[in-house]
Amino acid sequence: MALLEIKDLTVRFYTQEGVVTAVDNLSYQIKRGEKFGVVGESGAGKSVTALSLMRLIDSPGRIESGEILFKGQNILDMTEKEVRSLRGNEISMIFQDAQTALNPVYTVGEQISEAMRHHLGYSNEEARERSIQLLDQVGIPEAETRYSDYPHEFSGGMQQRAVIAMALSCDPDLLLCDEPTTALDVTIETQILDLIEELADEFDTAVQLITHDLGVVADICDRVMVMYAGKPVEKAPVEELYYDPKHPYTVGLMSSIPRVGDTRDRLQTIPGTMPDLVELPPGCSFHPRCPFAEDACTTTEPALIDIESSDEATVDSSRAAACLEYTDQLQNGLDYEVRVVDENTGSEMNPTQTGGSQNV
Amino acid sequence: MSQDTKRSSKVLNRRRLLQGAGAAGVAALAGCSSNGGNGNGNGGNGNGGTDQIQFPLEIQLETNADNDDRVQLVELIAESMEQTGYFETSVETYEWNTYSGRVLDTEYADEGHIPCIGLSGTFNPGSFCDALHHSSNHGQCCNLVGVSNAELDDMIDSARFGSTEIAEDPEARGAAYDEVWRMLADERYSSITHFGLNTAVANMNVHGFASYPFDETVYSYALHAPFDEQVAWLDESGASPNDTDLSDLQEGGTLRVGVGANIDSFDPPYSTDTTSTMAQGFIFEGLTATDAEGIVYPWLAESYELVDTNDIERVAYEDYMITVDADEDGVIDTEEQVIVQHPEDDPVADDEVRVLTPEEAADAVADDVFGMQYRYELHEGVEFSNGEELTAEHVVNSLRRYENSDLSAQTFDSVLHIEEVDEYTVDIFGQVVDAEGERELPGFLIFTEEQAQAEGGEIDPRQEFTPIGTGPYVLDDFSDEQFAEYERNDNYWLEDIGVENLEWFDGPSDFPNAPVIERLELEIIPDNATRSAALQNDEIDVTTGLTSATLDDFDESDDFFVYSVEAGGYDYIQYPLDVEPWDDKRLRQAVNHLVPREAIVSNIFAGWASEAWTDIPELARGAGTADFDALEDEIRPTNEFDPERAAELIEEVIEDRGYPMN
Amino acid sequence: MSLRRFILKRLLAIIPILFGVSVITFAMVHLTPGDPIDQMIGLNPDITPADEAQIRARYGLDGPIYEQYLTWMSNVLVGDFGEVVYSGRDVSTIVIERLPETIALGIFGWVFALGIAIPTGIYAAVNKDKFGDTVSRFVALSGISIPNFWLGLMLILVMALWLGLWPVLAPSRLPLYHPEMLWFLILPGVTIGTAAAASIMRVMRTAMAEEMNKEYVTAARAKGLPERKVVLKHVLRNSLISVVTLAATLTAGIVSGSIVVEVVFNWPGLGREFINAIDRREVNLIMAITLFTGVAIIIANLIADILYAVLDPRIRYD
């Protein structure tokens, strides 16, 4: 049984401008200890997914339908108290901007100890000791003195480490990382990602890594889901996604990753922008930006199709994409080629030759 | 400014309009800085100088802004004048200090306005005519319009000074004043509108209470005044004060009094406010006491008599005077009390003045140069509450303590000298023959030896110097700004001697010798509304100084009783007799007929005042008139509200003087 | 600089401020017409202008303003605040005697203001835009609009006279700390604190509503903390900062409000004393009370600044 199973989750926001369907019929699963990536541009509904998991969606948002099964129990059916006992305890969250996620008027150590005292019943002393241990584990030097320091006395990277410590304090089974490195510079980014990976392995914690950065996903995720306009458009194990992307959007994302040594003046981007979620385009949400769009795309909304079986994808499908191509409704097909090249040698790589730096 | 807009549209003197507009503009600026108060300065200025006098006559009435009742009173009078069509009135108010500075200035008389002000008269009938009309009071209180009638001055003076007959015979004195009232009614320099009432409100536990014309003495009098057979007692059985009399007298109890200001001082010569005087009155006593009609009775003195008089003027002391320096403000450079200053010298104008100090006064008396000599025989065996025996020496030292104190001016304008004759006999000498001497000369309080020697202001329980007197109560506790508590004096002299043994007493033999109420608790509550609330909530038993509206409520209630008596406070307006056409007395008489005295009393004071049909209230009638009824019959018609008569008189003036009427 | 030095600097700044205040007050009192002697004498026909001049000279009330000011200042520097002309009493004694009552009333005003405002503000913020919020805001608006003296009189009327729950007069025979005395102080405290409470409540509500939208609140909830703890521990402390600023400013309002309240409730504090002093133009007393009030307000602001440092670790003076 999977640790986390999301089935047909739909979340809507009732705003003054209109109804925003932030998440539309989303299904996926995460197994114990698995690292699952959720990728997409801003506004794709990635963060909403994570917040829904913890039932932290507040008005004007509403979880309309679906199931969120955590260890077999539907979170959406639980009482408030039960959900609260999950939060910070079995499911934890790491936020994008560590600075704002920390309360400026309390010490970092206190904020780490809080959850432990509440969930695990630790005494002040016990919690303090454990917090210092955690600070040490996340790589903050002089952990004991740093316990009593305030957030503004930490650098950006250190703050994020502290937030990670906070999240891991009660040994959660699932760690939700919402763009954990977006606010950090590249050198720190690597450190943090390594840290997450290390700790996740050590504590046997599953990770849902939400990001818009494909490079991050490639680094540590086992499986990936690509989202667009609130819908899942592709799901695959990470290697297959990179070597053999099935959805035009995924392809577009990959080609827009900046490469070291790239001599072009401008970044290659996918033309256009994410549509306004209040007024989605008819048919396939991506069609206005898709180089391969045809008439059929404007009328028919493609379902998520399991590539292997060509039927509608289920939660167990490991390889799925939402494009009319896979229901054979496209006339011209998808015409692209993906080659993975080793940056050092310049020679093409195969999926089996993973390891070292993987630049796409 | 309550500027009336009913301006006749027939002929508008354009020049006057422009001048007025310009003046208003300038006055608006000037008024802001010099007049404080509301509105502009000299709006309706009589006639604007050289302009033709014409009717409707512009006239401005003025008064001080902080007294709401007075402001309303003035507005009523203005309205009444306006309605005749002969006047265009405006009313101007000023902040108190600004106002008093303005009207007491001698220049004010030339402005041509009608000022309104209030005074507090006493048992002395002169207090209802002297201050207002004597020429010497122009430039100080309170002859605001420059009345200068030599004949009137003489009449006023001789009704008080210079004659032994006047001093000893109230009827003779009364007849002299009757002359004054007649002349004043004829000349009509001022109009007194009403006499105030002194009211006290008490709950039904207070029995036998009666009010007294002066707040300083209200409670002392009510508690025990054998000369009027007055005694108050507490009865908590629920019986109504209307149903009980002296035979139901009960002893003991605590009377809780609400007083309207802090007791600033327990040192009589160094306090001038009513509440302090009242608080002192329970403890200290004087040689004499006065009843509700102003008649003087011997008190600490067993008896007294006017031994001798010499009809002299103050210049007679010339030979005994010494010369001292005076600076440009008129401050006289001497440490001694100035008893008489030579009438022909002016301390402001002259560098040197001749004065009489206590030392020289003694010399003069030794040579038989004095105005009056009163001799007082003290009761023997009178003790202060601390056991000290009262002797003539105490009396002498007590009066001397008033030298150079805050009350020295009022004391030493009549007292010449005091000396001990023997252990229980004292002579007090007056400077001139003065009908008020009987009341004024012994008008000081008597201290123990130690207190008489104390520095000014030193007698102060807050400074551990408890006031000790001969009076029926002793001060038990005092907390500044909060309360004062008194206890009966166990050592009270009158209890030893017995009231029935007082020469003048003609009441029942079982009349109490001292107040019967055991304790007094004075609660200091400055705010009227709070005092009223406290009385309603049974937190105090009696209080004074509530507003007319509240009085009505208490009067109608069955649980409370209002005690009132005509007092000496009065308001008056004066006419600018130096400014045409107010120099014609017919105009002044006319406006007097337009003063709506009845409306003032019923509308503004809700009936809690007395119309001034004559110039004297009840309390001054003893010495103020030979026959009050006759006086009233004669004078009242001139004070009646009579717009028709007023119109007649005004028409006469207009015709005789040829003023244009629009 | 360290907190200690900061405090020291601020305390030293009191001196020039008080100097300025004293000059202005002195000038204003002297520029208004009338002086204590006028009040003492009133309209007494027996006293001539010469007599008046004599009395004035005796009390040192003659002489040009600057001379009188310098005399006053030189006395103050040795601790002598002069005397009241009316009764001859020592000004400093009067002020010191009235201090306990004044401070008691001030404290009650504050306790009430904060005691009502903070919980109400929190309640309104948490229930933002719901019925409870609307009611609170209406009450707050009334609180600011109702004049002190009217509220005081109404409270006396209803609570004391109609319902008999409170006495009209303070139980002045009892010491300040006696329960009955403290009970009495509730009504004047409520009257004084109402306007302040209303303002504080509004600021509290706004500040909290703002903070509730911040990310650390989501993070705290994500930790599974109960909502009460999220609001009262995390949000509240951040919101208090704006409230503290306002609260310090309102000290001046409480001081000036005390003048009216003390008269209505017959409370013998410095406010009532001040009114009397103004009525009688008692310069020395007016100066002393003004300076005292100035110091009180300055210190209130100083305490506010110190509280910032305590509440918000980002503002530390080092």
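A, B, ... follow the sequence lines: proteins, then strands. Residue 1 opens every chain.
- Contact of Asn276(C) with chain B is made through the side chain alone, with heavy-atom distances under 4.5 Å.
- Using a 4.0 Å cut-off between charged nitrogen and carboxylate oxygen, Arg272(C) and Glu481(B) count as a salt-bridge pair.
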- Starting from the C-alpha separation in whole Å, work towards a yes-or-no answer on side chain to side chain contact (heavy atoms under 4.5 Å, CB included) for Arg281(C) and Asn97(B). CA-CA 10 Å; Arg281(C) 307 286 194 276; Asn97(B) 285 288; 2.7 Å; yes
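- Salt bridge Arg173(C)/Asp477(B): absent, no basic N to carboxylate O contact under 4.0 Å.
- Put simply, of Ile156(C), Ile275(C), Val264(C), the one with the most heavy-atom pairs under 4.5 Å next to chain B is Val264(C).
- Residue contact with chain B, scored on non-hydrogen atoms closer than 4.5 Å, is absent for Trp162(C).
- Interface residue Asn537(B): backbone and side-chain heavy atoms are both found under 4.5 Å from chain C.
- In terms of heavy-atom pairs under 4.5 Å with chain C, the best-connected choice from Gln341(B), Gln536(B), Glu485(B), Gln463(B) is Glu485(B).
- Salt-bridge formation is detected for the pair Asp264(B)/Arg280(C): a Lys NZ or Arg NE/NH1/NH2 atom is positioned less than 4.0 Å from an Asp or Glu carboxylate oxygen.
- Ranked by non-hydrogen atom pairs under 4.5 Å with chain C, the options Asp273(B), Asn137(B), Leu119(B) are led by Asp273(B).
- Options Asp130(B), Asp327(B), Ile524(B) differ in how many heavy-atom pairs under 4.5 Å they form with chain C, and the most are formed by Ile524(B).
- With a threshold of 4.5 angstrom between heavy atoms, Asn262(B) does not approach chain C through any atom at all.
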